[in-house]
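Following: one structure in structure tokens, then a few remarks.
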Protein chains: 2
Amino acid sequence: MKLQFWFEYGSTYSYPCAMRIEDCARPYGIEVEWRPFLLGPLFKSQQGMSDSPFNIVPQKGAYMWRDLARVCEKHGLPLNRPATFPQNSVLAARTTLTVPQVSRAAFAKCIYRANFVDGRDISDPETVHDCLMSASLDADAFLSAANESEIKSQLREETQTAAEFGIFGAPSLIAPDGELFWGDDRLEDALAWTVNGTLRPPEQK
Amino acid sequence: MKLQFWFEYGSTYSYPCAMRIEDCARPYGIEVEWRPFLLGPLFKSQQGMSDSPFNIVPQKGAYMWRDLARVCEKHGLPLNRPATFPQNSVLAARTTLTVPQVSRAAFAKCIYRANFVDGRDISDPETVHDCLMSASLDADAFLSAANESEIKSQLREETQTAAEFGIFGAPSLIAPDGELFWGDDRLEDALAWTVNGTLRPPEQK
């Protein structure tokens with residue numbers, strides 16, 4: 001059983017979901033497919049927005065940062081609000097596409113920590129380099145591959161695929177039967193659906 | 001302990017929250033304060049929107065209706081998508097303000113069933129009349145009171161108060177210390193916060 005995890009490195013609620021998903025999926029024998037995409041182009045094409053709705057609508061932004069802090073505290077995750085939001089995630093997303101699935105969780109979690117804990121610039125090749133290293137990957141090789149035109153096209157295609165799946169926000173989760181779930185707060189539902197085809201919590205393996 | 005429940009009769013996710021909140025709050029000895037307001041004026045003033053975002057952005061709308069169906073099924077709640085969305089909730093909201101707190105749950109749930117189960121027009125005085133009757137209230141007296149200018153002003157003031165509390169969507173929940181929670185999917189968190197000041201689930205009384 002495979003659950004597609006569509007994430008955007010700039011997205012706040014993608015952070016707790018990325019940190020939790022492997023641990024939550026493992027007891028049910030669910031494999032997580034890590035699929036990075038860019039939310040900016042979807043915000044633009046679907047809603048005509050050139051910035052995060054959390055920046056455009058201050059009431060939503062104020063609530064989100066408070067809610068995110070509560071959610072992270074609930075799950076025991078550190079959080080430091082980044083100076084820049086959203087960060088430019090293009091390089092990190094491209095790099096992820098060069099990384100084999102088996103190493104994506106480790107790499108992606110390192111990027112999320114860089115963004116939402118360590119206050120680092122995730123568009124800086126040095127940050128991406130460090131995260132590749134911490135995922136035990138050949139950093140120079142993967143960074144170099146990330147700048148190839150084939151990978152750039154692939155990220156555009158993945159973003160288009162996300163739109164075709166009905167995705168409009170991040171994180172989004174897609175069960176094997178195509179059922180779409182939006183938001184970190186739907187992670188448990190998506191796992192239950194993947195096992196049972198309903199929202200009832202499954203038995204753990 | 002009192003949890004403020006800010007709801008809009010046209011709002012889809014307010015429906016499961018309204019149907020669940022009394023049963024979920026009771027085990028913790030939490031009293032629910034039912035506070036109707038109008039979301040339309042806040043969408044307009046905060047986001048410049050003249051319609052529901054679920055109508056403006058088709059991708060969000062398609063997802064919401066599917067998600068709502070799953071949520072309702074999870075909680076054993078019937079759901080029939082209304083022909084008109086969102087319905088005009090002004091009369092129902094005004095009427096609620098004339099109803100004492102002790103009877104608001106029964107009346108409000110009847111309006112929500114009329115909207116999201118029975119396919120009735122909740123702006124029709126006959127529908128509101130029937131819901132007042134089913135809450136064992138003097139329907140003619142309350143309907144008449146709902147049309148007084150004092151009540152009309154009160155609803156405008158309540159909507160303004162909602163904005164001052166940071167509300168931008170429905171349902172919204174406000175704990176005694178002012179902590180704001182948005183969405184039916186935050187009901188359990190809001191109850192935990194009301195008891196504990198954290199998101200950890202409290203012991204039931």
Side-chain angles (χ1 to χ4, degrees), chain A residues 13 16 39 42-49 53-77 162-169 172-175 177-190 192-193 196-201, chain B residues 13 16 39 42-49 53-77 162-169 172-175 177-190 192-193 196-201:
Chain A
Y13 288 107
L39 197 47
L42 300 194
F43 278 161
K44 187 75 186 170
S45 65
Q46 297 172 343
Q47 304 192 47
M49 296 190 299
F54 298 128
N55 290 338
I56 295 172
V57 184
Q59 293 87 349
K60 294 187 87 162
Y63 176 78
M64 179 278 289
W65 288 110
R66 179 66 188 143
D67 186 58
L68 184 70
R70 291 189 307 233
V71 167
C72 287
E73 207 237 319
K74 183 181 187 177
H75 296 303
L77 295 168
E164 285 159 13
F165 279 141
I167 288 175
F168 55 90
S172 289
L173 304 149
I174 300 181
D177 65 356
E179 194 76 14
L180 173 65
F181 296 85
W182 172 47
D184 171 67
D185 51 19
R186 291 294 189 275
L187 173 56
E188 285 75 10
D189 283 348
W193 191 279
N196 286 335
T198 78
L199 299 193
R200 284 185 295 278
Chain B
Y13 289 106
L39 197 46
L42 299 195
F43 279 161
K44 186 75 186 170
S45 65
Q46 296 172 344
Q47 305 191 47
M49 297 188 301
F54 298 128
N55 290 338
I56 295 172
V57 184
Q59 293 87 349
K60 294 187 87 161
Y63 175 79
M64 180 277 289
W65 288 110
R66 177 67 187 143
D67 186 58
L68 184 69
R70 290 189 307 232
V71 167
C72 287
E73 207 236 319
K74 182 182 187 176
H75 296 302
L77 295 168
E164 284 159 14
F165 279 142
I167 288 175
F168 56 89
S172 287
L173 303 149
I174 300 180
D177 64 356
E179 193 77 14
L180 173 65
F181 296 85
W182 171 48
D184 170 67
D185 51 19
R186 291 294 188 274
L187 173 56
E188 286 74 10
D189 283 348
W193 191 279
N196 286 335
T198 78
L199 299 193
R200 285 185 293 278

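When reading the values below, keep in mind they use all heavy atoms of this one structure, side chains included, and skip hydrogens, waters and symmetry mates. Note that the structure is a prediction, hence the values are computed from the model and not measured. To find a chain, count down the sequence lines: A is the first, B the second, and so on, and within it residues start at 1.
More than 12 heavy atoms of other shown residues, nucleotides or ligands fall within 6.0 angstrom of atom CD in B/E188.
Counting heavy atoms from C-beta outward, B/L199 and A/H75 have side chains that stay 4.5 Å or more apart. You'll find the side chain of B/L42 stays beyond 4.5 Å of the side chain of A/Q59, heavy atoms only. Side-chain contact between B/E179 and A/R66 is present, with heavy atoms from C-beta onward closer than 4.5 Å.
The nearest pair of heavy atoms linking B/F168 to A/Y63 is CE2-CB, 3.3 Å. Between B/D189 and A/K74, the shortest heavy-atom distance links the atoms OD1-NZ, 2.9 Å. The minimum heavy-atom distance between B/V71 and A/R186, with the atom names listed, is CG2-NH2, 4.1 Å.
Listed by chain and residue number, B/D51 satisfy the side chain to side chain donor-acceptor pair (under 3.5 Å) test with B/N55 (two or more places apart in sequence, or in another chain).
Taking CZ of A/F181 as the reference point, atom CZ of B/R70 lies at 4.0 Å (rounded to 0.5 Å).
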